[in-house]
Amino acid sequence: MTAVAAVAHAGTAPEISPKSRSLPSWPVAGILLLYPLWWALGLGVLIFPMMAAPMVYLLLRRRSAGRPVRLPPGFVWWVIFLAAVVISIAALGVDPPGTVPERAGERLVAVVYKLSMYASLTVLLVYAGNLTDAELSRRRLVRLLGGMFVLTVLGGLLGMVAGNFEFTSPVEWLLPSGVRNKGFVRSLVHPYAAQIMDLVGGEKPRPAAPWGYTNTWGNNFCLLAPWLVVAAWASHRTGRRALAVLCLAVSVVPAVASLNRGLWIGVGLLLVYVAVRHVMAGRLWILALLPLLGAALTVALTATPLGTTVQARLDNGKSNGVRSFLVDKALDGFTGSPVIGYGGTRNTLGGRNSITVGESAGCERCGNFTVGGNGQLWQLLYAHGAAGTVGYLGFFGYGLWRFRRDRTPIGIAGSAALVSSFSAMLWYNSLVTPLAFMVLAYALLWRNWIEGKTD
């Protein structure tokens, strides 16, 4: 009997550790909660591929332990997009008319960087969507995203009061001088508070911290604002709600100082969309709140210098001509390679008025503009053609449709973030942090749907 028992015991499947079946929250929470640290260290957006590696390992460990790894609804659209990004690399050596000639190898670094970021954010989407409420609750993830909005506002205030603030990060110190002095590398590892630009007469700081660029700051502002509201009102604590209202009120100042018209349009779109969703759900109280918000904003603009700043920006559309020029270039390029695009962006020969006008030390914005650098939509069309554009828009569009009946605060905030991204893609590029917040919004909508929390 002892021998039989030994044989039976040997044939028994090994016990699966609960630890191998679970997904820890630290890869996602660590990115968000410690982002100021990553920014100060010079890691910034580089933290996403760094955290993607352990996420892949943990997902594979969970799968080997017998728990399947779910993929988000509509994921086939995202696969089409990723496939288009890879296939379009075949056209990297093509020089479309009116662009600076380069070898494919000279363009490969930027393309590999973008591909690695798309892959990393795909991992983030799958990992965040597979987390359970016991591992990382939706409520905590909402609070983390709301905290990122607070960080955005603080970074905006820093950019206003200390526009010239910058420092050499530890990562930057470790790089060889020939590498860290390259503009592309410097933009990744060198922390600074604001971009100094002359848009309304005289050079003025435009908030950028901790997102690197003013346009990225404005894009993230719109993507993250709804989560602060949801987080504060879910707490049922008067103090937290009061702090949230104060933060939103203060956020108007850097939002105006950013001179970011796309941000202003995005905020307006957010308010309209959220109001419509609430009215459709029978919550008519929103109709009384909107006039109060409008009145408060009007008082703020008329009683402070903010109104003068807004008017000055509307009267000085210096970027309009460049944007129109680049949109035309992107559409012309799309007709030349409509299916897969050119694999990446290109620099124009000269400027709007002459091919002899180029970028120089005395005038960095006079020419050699980046085709596809003035909005995610134009970059998709130009760099990845119709295949990439349909896959990208199809994925987020499918998400909006699939989760359209989710009338919970998470459902409305998540879909509002995606709606604002469709507006932003006309003038902002999504990589890296805006797309990260988009996929986290998608993951929250997906998890809400799995839990059946839609009313």
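The analysis underlying the following values was restricted to heavy atoms, covering all of them including side chains, and did not include hydrogens, waters or symmetry mates. Computed from a predicted structure; not experimentally measured.
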Under 3.5 Å, side chain of Tyr192 to main-chain N/O of Gly212, donor-acceptor pair present?
yes

Is the side chain of Arg139 donor-acceptor paired with the backbone N or O of Ala234 at a distance under 3.5 Å, no angle test?
yes

Only pairs under 3.5 Å count here: list side-chain donor-acceptor contacts from residues 146-167, not counting sequence neighbours, and write none if there are none.
unit_1, atom_1, unit_2, atom_2, d
Thr152, OG1, Met148, O, 2.8
Thr152, OG1, Trp211, NE1, 3.0
Glu166, OE1, Arg186, NH2, 3.4
Glu166, OE1, His190, NE2, 2.5

Could you walk me through whether Val230 and Leu145 pass the side-chain contact (heavy atoms from CB on, under 4.5 Å) check?
CA-CA 10 Å; Val230 175; Leu145 290 171; over 6 Å; no

Stepwise side-chain contact (heavy atoms from CB on, under 4.5 Å) test for Phe221 and Asn260
CA-CA 11 Å; Phe221 186 102; Asn260 211 323; over 6 Å; no

Okay, side chain of Asp133, backbone of Arg138: is any donor-acceptor separation there less than 3.5 Å?
yes

Can you give each donor-acceptor pair under 3.5 Å made by side-chain atoms of residues 80-94, sequence neighbours left out, with the distance rounded to 0.1 Å?
unit_1, atom_1, unit_2, atom_2, d
Ser88, OG, Ala84, O, 3.1
Ser88, OG, Val85, O, 2.9
Ser88, OG, His384, ND1, 3.1

Check whether any side-chain N or O of Tyr342 sits under 3.5 Å from a backbone N or O of Gly333 as a donor-acceptor pair, and report yes or no.
yes

Counting N and O atoms only, with roles assigned by atom type, does the side chain of Arg447 sit under 3.5 Å from a partner on the main chain of Leu131, one being a donor and the other an acceptor?
yes

Student check: side-chain heavy atoms of Trp78 and Val126 closer than 4.5 Å:
no

Please report, to 0.1 Å, the donor-acceptor pairs under 3.5 Å made by any side chain of residues 262-275, with sequence neighbours excluded.
unit_1, atom_1, unit_2, atom_2, d
Trp264, NE1, Ala255, O, 3.0
Tyr273, OH, Arg277, NH1, 2.9
Tyr273, OH, Ser415, OG, 2.9

Shortest non-hydrogen contact from Ser116 toward Ser120
O-OG, 2.7 Å

Please determine whether a side-chain nitrogen of the Lys or Arg among Arg180 and Glu172 lies less than 4.0 Å from a carboxylate oxygen of the Asp or Glu.
no

Given 3.5 Å as the limit, does a donor-acceptor pair link the side chain of Thr389 with the main chain of Ala386, or not?
no

Show me the donor-acceptor pairs, under 3.5 Å and distance only, between side chains in residues 26-52 and residues at least two apart or in other chains.
unit_1, atom_1, unit_2, atom_2, d
Trp38, NE1, Gly30, O, 3.1

Polar side-chain atom of Thr214 near backbone of Arg206 as donor-acceptor pair, under 3.5 Å:
yes

Please check this pair: side chain of Arg404 against backbone of Trp401, looking for a donor-acceptor N/O pair closer than 3.5 Å.
yes

If the condition is side-chain hydrogen bond (donor to acceptor under 3.5 Å, both in side chains), which residues does Ser430 pass it with, not counting sequence neighbours?
Tyr392

Check whether any side-chain N or O of Asn448 sits under 3.5 Å from a backbone N or O of Pro409 as a donor-acceptor pair, and report yes or no.
no

Output yes when a side-chain donor or acceptor of Glu203 lies under 3.5 Å from a complementary backbone atom of Ile196, and no otherwise.
no

Looking only at heavy atoms, the pair that brings Leu23 and Asn130 closest together is CD1-CB, 3.9 Å

Residues at least two apart in sequence or cross-chain that pass ring-ring contact (aromatic ring centres under 6.0 Å, His included) with Phe334, listed by chain then number, are none

Minimum heavy-atom separation for Ala208 and Gln195, please, with both atom names.
CB-N, 4.2 Å

Quick check: closest heavy atoms across Tyr442 and Pro72, and the distance to 0.1 Å?
CE2-CB, 4.0 Å

